[in-house]
Amino acid sequence: MIGERGPFAGLSRNTVLLALASLFSDIAAEMLYPVVPIFLTQTLRAGGGAVGLIEGVAVATRNLAMGISGQVSDRLARRKPIALVGYALAAVAKPMTGLAVGWPAVLGARFADRLGSGVRTAPRDALVAASADPAHQGKAFGLEGAGDNAGAFIGPLLAVALISLAAAPLRWIFFLSAVPGIIAFCLVVLVKEPSVAMPPKATLDVAPARFSLAWRRYLLATALFGLGKSGNAFLILRANELGLSLIDTILVYAGYNLLAALISYPAGALSDRFGRRNLVIAALCIFAVSYCGFALSRSPLVVSALFVLLGAHQGVYRTAGKALASDLSPPALRAGGIGWFSAVGGLCALVAALVAGQLWDHHLRGVVFVIGAVGAAAGAAALALLVGAREVAEA
């Protein structure tokens with residue numbers, strides 16, 4: 001462990017390595033993410049329907065893969081080898097987008113990239129949970145989330161530098177993203193996998209009955225939220241549509257990720273002291289307020305400020321949301337519990353993105369964000385009413 005006192009007490013070398021791996025893997029991912037919607041609509045001349053399909057398939061693939069890889073990881077009682085496969089696949093897939101001459105090729109490349117991301121995430125999160133003392137798991141997820149969101153801040157800035165200073169074509173950004181992806185893979189190679197207590201095989205059933213009622217209710221709240229979460233691609237398109245240049249849009253997106261990075265670790269530490277549930281509810285309320293603003297405002301400045309504000313949601317929800325899913329899962333099924341929490345959200349987000357794409361093409365932009373606000377409010381209400389603080393404490 002790093003130490004017995006101080007802000008990083010209870011964490012380990014593995015925690016730091018995994019946080020750094022998340023930093024570099026997200027630099028690779030976020031060099032591309034704000035560029036992809038613009039690349040699709042302006043370079044490849046695709047419509048909102050194609051953007052919605054690609055965004056939905058990407059999110060659903062990643063999160064469904066998380067559920068499956070988490071289950072496999074629990075059955076094998078191994079985390080690191082499965083995580084390494086995912087890191088390698090994502091690093092190889094990202095540059096393939098740069099070769100695309102039509103949106104179906106982008107769909108294929110994004111599918112492979114997000115499959116790799118999904119395969120690695122649940123076993124990596126189980127490694128994160130095992131890398132810290134039980135009383136400090138919120139901080140462990142917070143440090144990993146800080147690394148992830150810091151990478152999501154640095155990645156767009158690298159894209160801006162390549163576009164504006166080096167005058168690099170958009171396609172070259174996809175090719176160069178392989179470098180931080182390879183660094184992330186090498187960092188995970190250095191992680192020492194702790195042994196996992198292997199219960200009798202019959203108990204490794206990941207059917208919902210194996211989990212607590214509070215965990216199942218939490219998944220219901222997650223599903224309600226996911227049905228309105230159409231994805232940041234539509235926020236990027238909205239900002240660009242209202243007059244922000246490509247560079248300004250990417251910088252706003254970087255600000256969103258900077259706020260998420262700054263808030264992740266404090267959110268994890270707060271969740272260790274005061275519980276995860278209320279923080280998750282607060283994150284969903286921030287999302288609802290921001291999406292209401294996106295629906296109502298046509299001011300580029302207001303929309304930019306709301307986009308950055310969403311970083312607070314991202315930092316808190318990613319950290320406290322995963323930690324809560326971990327708390328509510330039996331230790332031997334933790335990877336599966338976290339993975340299926342993400343899978344449910346991702347499958348619902350696929351529906352949300354497909355609907356949003358059709359609404360976008362029919363010029364019903366505001367409705368996309370109204371649905372998102374309603375979904376977040378419904379998720380917050382379900383979590384507040386169905387998952388009691390005592391149930392979380394007793395899980």
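Everything numeric in this text was worked out from a predicted model, so none of it was measured.
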Item to check | hydrophobic_cluster_shared for Val72 and Tyr87, side chain cutoff 4.5 Å | outcome: no

Next on the checklist: Test your reading of the model: is there a side-chain donor-acceptor pair from Asn14 to the backbone of Lys192, 3.5 Å cut-off?
Outcome noted: yes

Checklist entry - From Ile54 CD1 over to Phe111 CZ, what is the distance, rounded to the nearest 0.5 angstrom? => result 13.5 Å

Next on the checklist: Test your reading of the model: is there a side-chain donor-acceptor pair from Asn149 to the backbone of Gly145, 3.5 Å cut-off?
Outcome noted: yes

Checklist entry - Is it true that a side-chain atom of Glu144 and a backbone atom of Asp125 form a donor plus acceptor pair closer than 3.5 Å? => result no

Next on the checklist: With rounding to the nearest 0.5 angstrom, report the CG to CG distance, Asp148 to Leu23.
Outcome noted: 9.0 Å

Checklist entry - Sub-3.5 Å donor-acceptor pair from the side chain of Ser297 to the main-chain atoms of Gly293, do we have one? => result no

Checklist entry - Under a 4.5 Å side-chain heavy-atom rule over Ile, Leu, Val, Met, Phe, Trp and Tyr, are Met31 and Ile247 clustered together? => result yes

Item to check | Donor-acceptor under 3.5 Å (Lys94 side chain, Phe174 main chain) | outcome: no

Checklist outcome for this item: CG (Leu89) and CZ (Arg114) are apart, to the nearest 0.5 Å, by 10.5 Å

Next on the checklist: If hydrophobic clusters are built from ILVMFWY residues whose side chains come within less than 4.5 Å, do Ile27 and Phe185 share one?
Outcome noted: no

Checklist entry - With side chains defined as the heavy atoms from C-beta onward, is the minimum distance between Phe141 and Arg276 less than 4.5 Å? => result no

Item to check | Sidechain-backbone polar pair: Asp272 side chain, Lys139 backbone, donor-acceptor under 3.5 Å | outcome: yes

Checklist entry - For the residue pair Phe307 and Phe294, what are the closest heavy atoms and their distance? => result N-CE1, 3.8 Å

Item to check | Thr121 vs Lys322, side-chain contact (heavy atoms from CB on, under 4.5 Å): CA-CA, chis, key distance, verdict | outcome: CA-CA 11 Å; Thr121 300; Lys322 284 187 178 182; 3.7 Å; yes

Next on the checklist: Any side-chain to backbone donor/acceptor pair from Asp361 onto Gly48? Under 3.5 Å, distance only.
Outcome noted: yes

Next on the checklist: For the backbone of Leu386 and the side chain of Arg217, can you confirm whether one donor and one acceptor N or O come within less than 3.5 Å of each other?
Outcome noted: yes

Checklist outcome for this item: Between Ser264 and Ala260, the two heavy atoms sitting closest are OG-O, 2.7 Å

Checklist entry - Can Thr15 and Ser12 be counted as having a side-chain donor-acceptor contact under 3.5 angstrom? => result yes

Checklist entry - Tell me, do Trp215 and Trp340 make a side-chain contact under 4.5 Å, heavy atoms counted? => result yes

Checklist entry - Can you find a heavy atom in the side chain of Thr41 that is under 4.5 Å from one in the side chain of Asn240? => result no

Checklist entry - Can you name the nearest heavy-atom pair linking Ala159 to Val35, along with the distance? => result CB-CG2, 4.4 Å

Checklist entry - If we only count heavy atoms from C-beta on, is the Arg124 to Val188 side-chain gap below 4.5 Å? => result no

Item to check | Under 3.5 Å: donor-acceptor pair, side chain of Ser73, backbone of Arg78 | outcome: yes

Next on the checklist: Rounded at 0.5 Å granularity, tell me how far CZ in Arg365 sits from CG in Leu359.
Outcome noted: 10.0 Å

Checklist outcome for this item: CG (Leu279) and CZ (Phe274) are apart, to the nearest 0.5 Å, by 9.5 Å

Item to check | Student check: side-chain heavy atoms of Met96 and Arg110 closer than 4.5 Å | outcome: no

Checklist entry - Can Leu162 be reached from Ile182 by stepping across I, L, V, M, F, W or Y side chains whose heavy atoms are under 4.5 Å apart? => result no

Next on the checklist: I'd like to know if the side chain of Tyr291 reaches the main chain of Lys229, judged simply by a donor and an acceptor atom lying under 3.5 Å from each other, with no hydrogens or angles considered.
Outcome noted: no

Item to check | Interatomic spacing from CD1 in Ile281 to CG in Leu385 - rounded to 0.5 Å | outcome: 8.5 Å

Next on the checklist: Parallel, tilted or perpendicular: which one describes the rings of Tyr317 and His313, with boundaries at 30° and 60°?
Outcome noted: parallel

Next on the checklist: In terms of relative ring orientation, are Phe225 and Phe287 parallel, tilted or perpendicular, with 30° and 60° separating the classes?
Outcome noted: perpendicular

Checklist entry - When clusters are formed by joining ILVMFWY residues with side-chain heavy atoms under 4.5 Å apart, either directly or through shared neighbours, do Val355 and Leu235 land in the same one? => result yes

Checklist entry - Below 4.5 Å, heavy atoms only, C-beta onward: do Phe39 and Arg171 meet side chain to side chain? => result yes

Checklist entry - Got Ile163 and Ile250 here, is their nearest side-chain heavy-atom distance under 4.5 Å? => result yes

Checklist entry - Can you name the nearest heavy-atom pair linking Leu227 to Ala352, along with the distance? => result O-CB, 3.3 Å

Checklist entry - Is any side-chain heavy atom of Leu383 less than 4.5 Å from a side-chain heavy atom of Leu224? => result no

